[in-house]
**Student:** 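Dumping the structure here so I can ask a few things about it.
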Number of protein chains: 2
Amino acid sequence: MITVKEIAQLCGVSITTVSNILNNKPKVSEETRQKVLEVVKQTGYKPNYFAQGMRKQKTRTIGIVVEDLNIFSTPPIVEAIMAYCEEHNFRTVLLNMRLYDKWQDTWYDDTQKLHSVLEPSIQELLSIKVDGIMYIAGHCRIVDCFPDDFDIPAVVVYALSKNSLYPSVVIDDEKGGYDMTKYLISMGHKKIGVIAGTIDNLHTRNRNLGYQKALFEEGILFNPDYLRYGDWMRESGYREMRSLVKQGVTAVFCMNDIMASGAYDYLYEQGINIGQDISLAGFDNNELSQYIRPNLTTCDIQLKEIGLKSAEILVDTLEKEEADGSYEEIYRIPCQLVVRNSIRKIE
Amino acid sequence: MITVKEIAQLCGVSITTVSNILNNKPKVSEETRQKVLEVVKQTGYKPNYFAQGMRKQKTRTIGIVVEDLNIFSTPPIVEAIMAYCEEHNFRTVLLNMRLYDKWQDTWYDDTQKLHSVLEPSIQELLSIKVDGIMYIAGHCRIVDCFPDDFDIPAVVVYALSKNSLYPSVVIDDEKGGYDMTKYLISMGHKKIGVIAGTIDNLHTRNRNLGYQKALFEEGILFNPDYLRYGDWMRESGYREMRSLVKQGVTAVFCMNDIMASGAYDYLYEQGINIGQDISLAGFDNNELSQYIRPNLTTCDIQLKEIGLKSAEILVDTLEKEEADGSYEEIYRIPCQLVVRNSIRKIE
DNA sequence: TTGTAAGCGTTATCAA
DNA sequence: TTGATAACGCTTACAA
């Protein structure tokens, strides 16, 4: 492995000079600069990562902690972050807490469990001297990731940071729920059921809020019987669809595509024609939504955009050094209505 | 950040002694060992990653290069690798080449393109002194990842290494195709069509081989007209299904679930009843296979197993230092038949 | 059994 | 404008 020392010898200058040139220090003659740069290029010299990390405090590396890489929303977000970082000449290091793998569904509100893995992960990242950290959650909630006295920039992605010191990037659930409901209404529906997620979940609450605002704006009474809570899983979609059919709704807004698929199951079983006898909407634009029949009208959560925005925030803070305070606390990335064939226009 | 020096001072010993204890060197009195270990634990001391990396050649870090993190098979493999590494006290560093993101489908056989990203990635990993490298491909083919004179262990995952120096872990496509065909035959089918992947693809070739072996074993003539090539995409499933229906097959084996979904599209359009009038099988156990109706009988590629086996091989080689030669060249992880409702038993 | 000191490849400080 | 030299935190001969 070639070192500064050898470069210096090759150029007949001191290692200091080489180092100065490499680090864009001012006081170097143009002549030697050219020569050294030339040799560096020819030899393919790259400064030793460890030696550099030991001296500087910066490594131009960003740490990414993900709750679980197997959550469908995570890889696209991570990929977008990596793309942006690569463009801006930052390394990334990914740490996968594998929360699902370890505890299935039991870690959501278990601060104990979360922190038993998060703390070491952060320590790990700190020990490899990352310049900044991104926390990628699997679903939206208020999460307490970083201590107050954290000394590197951090951003919380797909969840809200409890500590307002760190910006959060989330999807605009309220707008999503609102847009979908507005669309449903525009298609002539007035009796719109909802199969929501778990009751205390933030996605649920905000999408619900959007739903209600849309109803209000259109002067449609909100019937509490039309609002049913599921648990994001297929079975709950099936179950709640049964209730809603009894209520006589003409359309149902499912707060994720998985539950919508459960609703499909029930309707299919009953011989009720989706997109004809009843209209259905999902959320997430999960891959499955384009495969079930009729194709599900849904709302795309723009994972790429989320990743991009998050990376942008962190990288900018890092580049601008002390230009903080310029960032909002919460960024809401808008969702995108995806119209397919599960909603019929009625009178 | 606490250092050896401080630990030494706290214990009233020299830094050498502390270092020796931390590195399990023999010549240390039990007494001092205990004392030092105690202090280390209390202070939460962790050796500085950079200083250590600079001195030793080993970092207990494994580099993972993935072709694209957004390929559906990649995250589960990576997660399994990470789990195993974590268990065995290895760090992992993930490098995402984002090949799809950069070039969509045009990089498969473009060695130029691949290497223009692979080389820097490997250099990067080498520069952070990883102890070993895993290459995670997005689909099976013969791939030329590592030079002959690579001086760290490496394994190729989900593809075959051109260079037999490096073990490969792949799925057993032949067995998968064989098992599925056998199953179809056991359900009474003799006219079994195939919607294969691209003609020169290794998955295609091996699954096809399995198909033909099963036919041969059962004394069923292979009708070349029954074998149609698609391109793994939905539309090609639709297209080829049309041809096969004309051929009068009673069952069709699609080499992935996506093409099967395209076949569903056609059959649905024609009012042909899947699982009744005609039987369909897929491959991959893609998420969608449990959502389309009727649920698709398919073959699960055991991604977790693949990751596990790969990690096992690499970690073992690393732990055992010079115990090489003990590993096979190619590991084939068996696939697992997943029976659902798209295949009917006939006379 | 323990300690001293050299050295890993950088960058930073200061002197020339 | 350039160059010695110290320092970063650790491991490891070698000496005590």
Side-chain angles (χ1 to χ4, degrees), chain A residues 1-40 43-61 91 123-124 126-131 151 321, chain B residues 1-40 43-61 91 123-124 126-131 151 321:
Chain A
M1 198 93 284
I2 186 149
T3 71
V4 250
K5 202 171 174 181
E6 304 176 63
I7 300 285
Q9 275 167 357
L10 251 47
C11 299
V13 297
S14 77
I15 55 172
T16 308
T17 305
V18 176
S19 175
N20 281 337
I21 292 169
L22 260 27
N23 292 281
N24 294 312
K25 293 286 149 70
K27 316 201 153 186
V28 186
S29 79
E30 195 48 35
E31 192 181 2
T32 36
R33 148 170 274 108
Q34 290 307 329
K35 184 166 55 178
V36 171
L37 254 27
E38 177 63 19
V39 175
V40 165
T43 54
Y45 164 80
K46 283 267 156 49
N48 179 296
Y49 183 70
F50 296 93
Q52 216 166 34
M54 200 156 95
R55 281 297 325 200
K56 304 208 215 189
Q57 281 309 339
K58 314 275 168 191
T59 50
R60 273 196 98 74
T61 300
R91 269 186 193 78
Q123 279 315 314
E124 166 79 17
L126 253 27
S127 88
I128 63 172
K129 297 243 188 324
V130 295
D131 296 351
D151 50 359
E321 289 291 337
Chain B
M1 198 93 285
I2 187 150
T3 71
V4 251
K5 202 170 173 181
E6 304 177 61
I7 299 285
Q9 276 168 354
L10 251 47
C11 299
V13 297
S14 77
I15 55 171
T16 308
T17 305
V18 176
S19 175
N20 280 336
I21 291 169
L22 260 27
N23 292 283
N24 294 312
K25 294 285 150 69
K27 317 199 157 188
V28 186
S29 79
E30 196 49 33
E31 193 182 1
T32 35
R33 151 170 270 109
Q34 289 307 329
K35 187 167 55 178
V36 170
L37 253 27
E38 177 63 19
V39 175
V40 165
T43 54
Y45 165 80
K46 284 266 158 50
N48 179 296
Y49 182 70
F50 297 92
Q52 216 166 34
M54 202 155 93
R55 283 294 328 203
K56 306 205 211 189
Q57 280 309 337
K58 314 275 166 189
T59 49
R60 275 195 97 75
T61 300
R91 268 187 193 78
Q123 278 316 312
E124 166 80 16
L126 254 28
S127 87
I128 63 172
K129 298 243 188 325
V130 295
D131 296 350
D151 49 1
E321 290 291 336

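Predicted, not measured: the structure shown is a model, and the values here were computed from it. To find a chain, count down the sequence lines: A is the first, B the second, and so on, and within it residues start at 1.
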**Student:** Using side chain to side chain donor-acceptor pair (under 3.5 Å) as the criterion, list what pairs up with E38(B), not counting sequence neighbours.
**Tutor:**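 Scan of E38(B) (side chain to side chain donor-acceptor pair (under 3.5 Å), adjacent residues dropped) gives Q42(B).
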**Student:** My understanding is that only residues two or more places apart in sequence, or in another chain, count here; which of them pass salt bridge (Lys or Arg N to Asp or Glu O under 4.0 Å) with R91(A)?
**Tutor:**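 In terms of salt bridge (Lys or Arg N to Asp or Glu O under 4.0 Å), with neighbours along the sequence ignored, R91(A) is linked to E124(B).
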**Student:** Of the residues in residues 2-12 of chain B, which ones touch DNA chain C at a heavy-atom distance under 4.0 Å?
**Tutor:**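 Per residue number, the list is empty: none.
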**Student:** Rounded to whole Å, how long is the line connecting atom CD of E30(A) with atom P of dT2(D)?
**Tutor:**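 Atom-to-atom, E30(A) to dT2(D), this comes out as 11 Å.
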**Student:** Partners of Y49(A) by ring-ring contact (aromatic ring centres under 6.0 Å, His included), sequence neighbours excluded?
**Tutor:**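 Once residues adjacent in sequence are excluded, the partners of Y49(A) under the ring-ring contact (aromatic ring centres under 6.0 Å, His included) criterion are F50(B).
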**Student:** Using the C1' atoms of the five pairs at each end, what is the angle between the end axes of the helix from dT1(C)-dA16(D) to dA16(C)-dT1(D), to 10°?
**Tutor:**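 The two end axes of the helix from dT1(C)-dA16(D) to dA16(C)-dT1(D) meet at 40°.
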**Student:** Using salt bridge (Lys or Arg N to Asp or Glu O under 4.0 Å) as the criterion, list what pairs up with R33(B), not counting sequence neighbours.
**Tutor:**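 Counting only residues at least two positions away or on another chain, R33(B) forms no salt bridge (Lys or Arg N to Asp or Glu O under 4.0 Å).
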**Student:** Between the protein and nucleotides 12-16 of chain D, list the N/O to N/O atom pairs that are separated by less than 3.5 angstrom.
**Tutor:**
| from | atom 1 | to | atom 2 | distance (Å) |
| --- | --- | --- | --- | --- |
| dT12(D) | OP2 | K25(B) | NZ | 2.8 |
| dT12(D) | O4 | T16(B) | OG1 | 3.4 |

**Student:** Please report, rounded to the nearest Å, how far the C1' atom of dC10(D) is from the NZ atom of K46(B).
**Tutor:**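 Distance, rounded to whole Å: 16 Å.
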**Student:** What is the 5' to 3' range of DNA chain C, first to last nucleotide, that sits under 4.0 Å from any heavy atom of chain A?
**Tutor:**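 First and last nucleotides in contact are dG9(C) to dT13(C).
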**Student:** Who are the side chain to side chain contact (heavy atoms under 4.5 Å, CB included) partners of I7(B), not counting sequence neighbours?
**Tutor:**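 Scan of I7(B) (side chain to side chain contact (heavy atoms under 4.5 Å, CB included), adjacent residues dropped) gives I2(B), C11(B), V18(B), V36(B), V39(B), V40(B), T43(B), Y45(B).
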**Student:** Quick test of your reading: applying side chain to side chain donor-acceptor pair (under 3.5 Å), list the pairs with at least one residue in residues 3-16 of chain A, sequence neighbours left out, ordered by first then second residue.
**Tutor:**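 Only S14(A)-T17(A) qualify under side chain to side chain donor-acceptor pair (under 3.5 Å).
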**Student:** Who passes side chain to side chain donor-acceptor pair (under 3.5 Å) against E30(B), sequence neighbours left out?
**Tutor:**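 With sequence neighbours excluded, E30(B) shows a side chain to side chain donor-acceptor pair (under 3.5 Å) to Q34(B), given in chain and number order.
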**Student:** Excluding sequence neighbours, so at least two apart, what forms side chain to side chain donor-acceptor pair (under 3.5 Å) with K46(B)?
**Tutor:**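 Here no residue qualifies.
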**Student:** Check the distance between dA7(D)'s P and N48(B)'s CG and give it to me in whole angstrom.
**Tutor:**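 It is 18 Å, rounded to the nearest whole Å.
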**Student:** Might you point out which heavy atoms bring A51(A) and M54(B) nearest each other, and give the distance in Å?
**Tutor:**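 What the structure gives for the nearest pair is CA-SD, 3.5 Å.
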**Student:** Go through the steps to decide whether T59(B) and I128(B) satisfy the test side-chain contact (heavy atoms from CB on, under 4.5 Å), and finish with yes or no.
**Tutor:** CA-CA 8 Å; T59(B) 49; I128(B) 63 172; over 6 Å; no
**Student:** Give a yes/no on whether any side-chain N or O of Q52(B) is located under 4.0 angstrom from OP1 or OP2 of dT11(D).
**Tutor:**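 So the side-chain polar atoms of Q52(B) do come within 4.0 Å of the phosphate oxygens OP1 or OP2 of dT11(D), strictly under.
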